[in-house]
Amino acid sequence: MRTLDCDVLVIGSGAAGLAAAVTAAEHGLSVVVAEKAGQLGGTSAWSGGWLWIPRNPLAMAEGLREDDDAPERYLRQQTHNPQLDALQQAYLQRGPEMVEFFHSRTAVQFHSGSRMPDMRDGDGAVAGGRSLCAQPFDGRLLGAELKRMRAPLDIVSLFGMGIAGGADMAAFFNSRRSPRAALHVARRLLRHLRDCLLHGRGLHLVNGNALVARLLRSALDRQVELFTASPARQLLHDQDRVHGAVLQQAQGDLRVNARRGVVLACGGFPHDRQRIAQLIAHAPNGTEHHSAAPAQNSGDGLRLGEAVGAQVAADLAHAGAWAPVSRVPRRDGSIGNFPHLVDRAKPGFIAVRRDGKRFTNEADCYHDFMNALIDATPVGEPIEAWLICDARARWRYGIGWAKPLPFSDGHYQRCGYLHSAADAAELAARCAIDAAALQATLERFNRFASQGQDPDFQRGRSTYNRAQGEVLQQPNPSLRPLRGRLYAVKLHPGSLGTFAGLRTDADARVLDASGQPIAGLFAVGNDMNSVMAGHYPSGGITLGPAMTFGYLAGLALAGDGREEAPVH
């Protein structure tokens, strides 16, 4: 068997694993990253790329001050905990330090989401300043490695072009209303077309694609060795510590000896049917749940950890980061899962079950939306809903995979994804919805929406609802009546990733059944048990902890009881 020696082996190449790799390498360690898939980046490369880091340096520099204890009060309320545990405290204390480290010493540059509010109002909540996103990145700076980086999710992107949240997305929504927005969109599309013709993919990287690209550039600058198509078959372990792993490669197995230790960053278990059946109550067969994460995220890290005595948590509020998804039929016969994160909150949309009744505030966060749908579905019925909009909303915002103007309905309707009808009765017949109830629901919704009100679910009252809506829609940015022709897409239970993972300490060291660290083994990202105990306090609570504990794992590996190596 071939062998390779290094200080640190990181299994997985999403933001968490790359954060650990870059931190360790910055402190003088030799690092190998092994990725199961043929492309680098994991779920992070498909994500919106947001991190939730209260009191981060960028917000502080902008003068966005908040009470020292406000983030802790907010987390205590959102996680229903009278006192934060050690991991939550470490996250709040060390997160800003992580941001400063990457922002000042690596190619990872952030911009502040100063207008991005917390997902729920309440004690300690703020209207902005806790969110960060990677700045756009020129893919040419990755050189030949760009070909090995995962592109944006095809069914969400526009011809493979990522669209950033905020001003970029607003320009696309307003391109037919504003000459300035139209010019912005034209320039973006022309640049993307040019890049595709010359380089085979877009080079203006945004969102999670930009975050991964910046982390990859930082890893390459520090001579981190990157393997793709190299799943880990087993950890190398003796009575004292984990000291490497065996990787499966096309040319045969490779034994990687890692002197300092191994970091598990395999992306959780969103496509592990057996684990899904065990931990996700609404998917007892493991098949009733549809994740938007890459198919390669199938629980490898959890199984590797368990094989050496690690423990997977089974006591969380929720085992995953729920999101409604629609099932997209691709031309090659496969099915994609489109996560509905934006459209639900726009004016001109409602969601109903097959009984024709609304069941929640459509503009609340995707995790809450799914919990409400699960709770509203009688036992024995499939967990499904219909997202409905009128023609005005469909043409301006799109609905799921069905893109807005100038894209026509033809293909979306022919393949069975999108349903359209002249009125509620016809739409109900097409979608097997209770027609009388749907008509009554629309009449009531429209009557109050015309006044900017929603007495049933208070849509548009929260800061988050209003931020997700349309600023031009008054008096309520989240509400207006649905008029004329209607469109509908079926929603299914899905997720952005999983929460249940390996139990660790505050340095991301994996713990055994007695609560003691397994020497040489770390877990980060979705292989690490949810820092939020399975709750979803705000957008960015996946990548925020992922990078924070990736950073802390890298520091621990660099120290690890030895004299710390010199910084480059």
Side-chain angles (χ1 to χ4, degrees), residues 1-25 29-45 142 144-145 147-150 212 215-220 222-237 241-269 271-272 293-308 310 501-502 508 510 518 520-528 546 549-550 553-554 557:
M1 183 185 300
R2 297 172 300 131
T3 63
L4 175 66
D5 295 331
C6 63
D7 291 319
V8 176
L9 170 63
V10 178
I11 304 175
S13 66
L18 290 175
V22 171
T23 303
L29 303 186
S30 59
V31 182
V32 171
V33 173
E35 168 58 48
K36 175 183 182 179
Q39 294 176 307
L40 299 161
T43 309
S44 302
L142 282 179
E145 291 299 320
K147 295 181 179 180
R148 289 210 293 166
M149 199 189 93
R150 189 182 295 273
V212 167
L215 283 164
L216 284 175
R217 182 64 267 168
S218 303
L220 292 167
R222 288 156 183 80
Q223 289 77 52
V224 172
E225 192 163 3
L226 304 167
F227 291 132
T228 53
S230 300
R233 291 203 301 111
Q234 68 180 82
L235 295 176
L236 302 176
H237 176 249
R241 64 186 298 113
V242 171
H243 53 84
V246 176
L247 307 181
Q248 181 178 343
Q249 297 182 328
Q251 60 270 47
D253 287 352
L254 173 66
R255 178 189 176 103
V256 180
N257 300 310
R259 289 178 287 269
R260 296 288 182 100
V262 175
V263 181
L264 298 174
C266 305
F269 65 96
H271 295 286
D272 180 351
Q296 293 87 359
N297 295 14
S298 55
D300 293 2
L302 276 57
R303 289 189 295 273
L304 289 168
E306 286 176 320
V308 297
L502 302 173
V510 176
I518 299 172
L521 186 62
F522 297 76
V524 295
N526 288 350
D527 279 356
M528 176 185 185
F549 286 96
L557 283 156

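Both backbone and side-chain heavy atoms feed into the values below; hydrogens, waters and symmetry mates do not. Predicted model only: the values in this text are computed from it and were never measured.
- Residues Leu304 and Leu521 form no side-chain contact, since every pair of their non-hydrogen atoms from C-beta on lies 4.5 Å or further apart.
- Leu40 CG to Lys147 NZ: the interatomic distance, rounded to the nearest 0.5 Å, is 14.5 Å.
- The minimum heavy-atom distance between Ser44 and Ala15, with the atom names listed, is OG-N, 2.9 Å.
- Here the CE atom belonging to Met149 is positioned 6.5 Å from the CG atom belonging to Leu216, to the nearest 0.5 angstrom.
- Taking all atoms of both residues into account, the shortest heavy-atom contact from Asp527 to Gly301 is OD2-CA, 3.4 Å.
- Residues Val262 and Val256 fail the side-chain proximity criterion, which asks for heavy atoms closer than 4.5 Å.
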Determine whether Arg150 and Val212 satisfy the following criterion, side chain to side chain contact (heavy atoms under 4.5 Å, CB included), listing intermediate values before the conclusion. CA-CA 9 Å; Arg150 189 182 295 273; Val212 167; over 6 Å; no
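- Rounded to the nearest 0.5 Å, atoms CZ (Phe227) and CG (Leu247) are 7.0 Å apart.
- By the 4.5 Å heavy-atom criterion applied to side chains, Gln39 and Thr228 are not counted as neighbours.
- Pairing each heavy atom of Ala310 with each of Val510, the nearest pair is CB-CG1, 3.4 Å.
- Put simply, the side chain of Arg2 gets close to the backbone of Gly252: a donor and an acceptor are under 3.5 Å apart.
- Looking at Val524 and Val263, their side chains come closer than 4.5 Å, going by heavy atoms from C-beta outward.
- With hydrogens and angles ignored, the 3.5 Å screen pairs no side-chain donor or acceptor of Arg260 with any backbone N or O of Ala24.
- Counting only heavy atoms from C-beta outward, the side chains of Ser30 and Arg259 approach each other to under 4.5 Å.
- Across Val33 and Ala21, no two heavy atoms sit closer than the pair CG2-CB, 3.7 Å.
- Between Glu306 and Arg303 there is no salt bridge, since none of the side-chain N atoms of the basic residue sits less than 4.0 Å from a carboxylate O of the acidic one.
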Does the pair Val31 and Arg222 meet the rule for a side chain to side chain contact (heavy atoms under 4.5 Å, CB included), with working shown? CA-CA 9 Å; Val31 182; Arg222 288 156 183 80; over 6 Å; no
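- The shortest distance between side-chain heavy atoms of Ser298 and Lys36 falls below 4.5 Å.
- Taking CG from Leu254 and OG1 from Thr3, the interatomic distance works out to 7.5 Å, rounded to the nearest 0.5 Å.
- With Glu35 contributing its side chain and Ser13 its backbone, the two residues share a donor-acceptor pair below 3.5 Å.
- Nearest heavy atom pair, residue Gly244 against residue Leu9, reads C-CD2, 4.4 Å.
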For side chain to side chain contact (heavy atoms under 4.5 Å, CB included), just list the numbers for Leu226 and Leu220, CA-CA rounded to whole Å, side-chain angles, deciding distance to a tenth of an Å, and then say yes or no. CA-CA 8 Å; Leu226 304 167; Leu220 292 167; 3.8 Å; yes
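- Distance alone, capped at 3.5 Å, places no donor-acceptor pair between the Thr23 side chain and the Gly554 backbone.
- Distance check, rounded to the nearest 0.5 Å: CG of Asp7 to CG of Leu29 gives 5.0 Å.
- Of all heavy-atom pairs between Asn526 and Gly267, the closest is CB-C, 3.7 Å.
- In this structure, Asp300 CG and Ile11 CD1 are separated by 9.0 Å, a value rounded to the nearest 0.5 Å.
- Residues Glu225 and Leu4 form a side-chain contact, since some pair of their non-hydrogen atoms from C-beta on lies under 4.5 Å apart.
- Residues Arg255 and Asn257 have side chains that bring a donor and an acceptor to within less than 3.5 angstrom of each other.
- In this structure, Asp272 and Leu302 have side chains that are not in contact, with every pair of non-hydrogen atoms separated by 4.5 Å or more.
- Checked by atom type and distance alone, the side chain of Asn297 never pairs as donor or acceptor with a backbone atom of Phe269 at under 3.5 Å.
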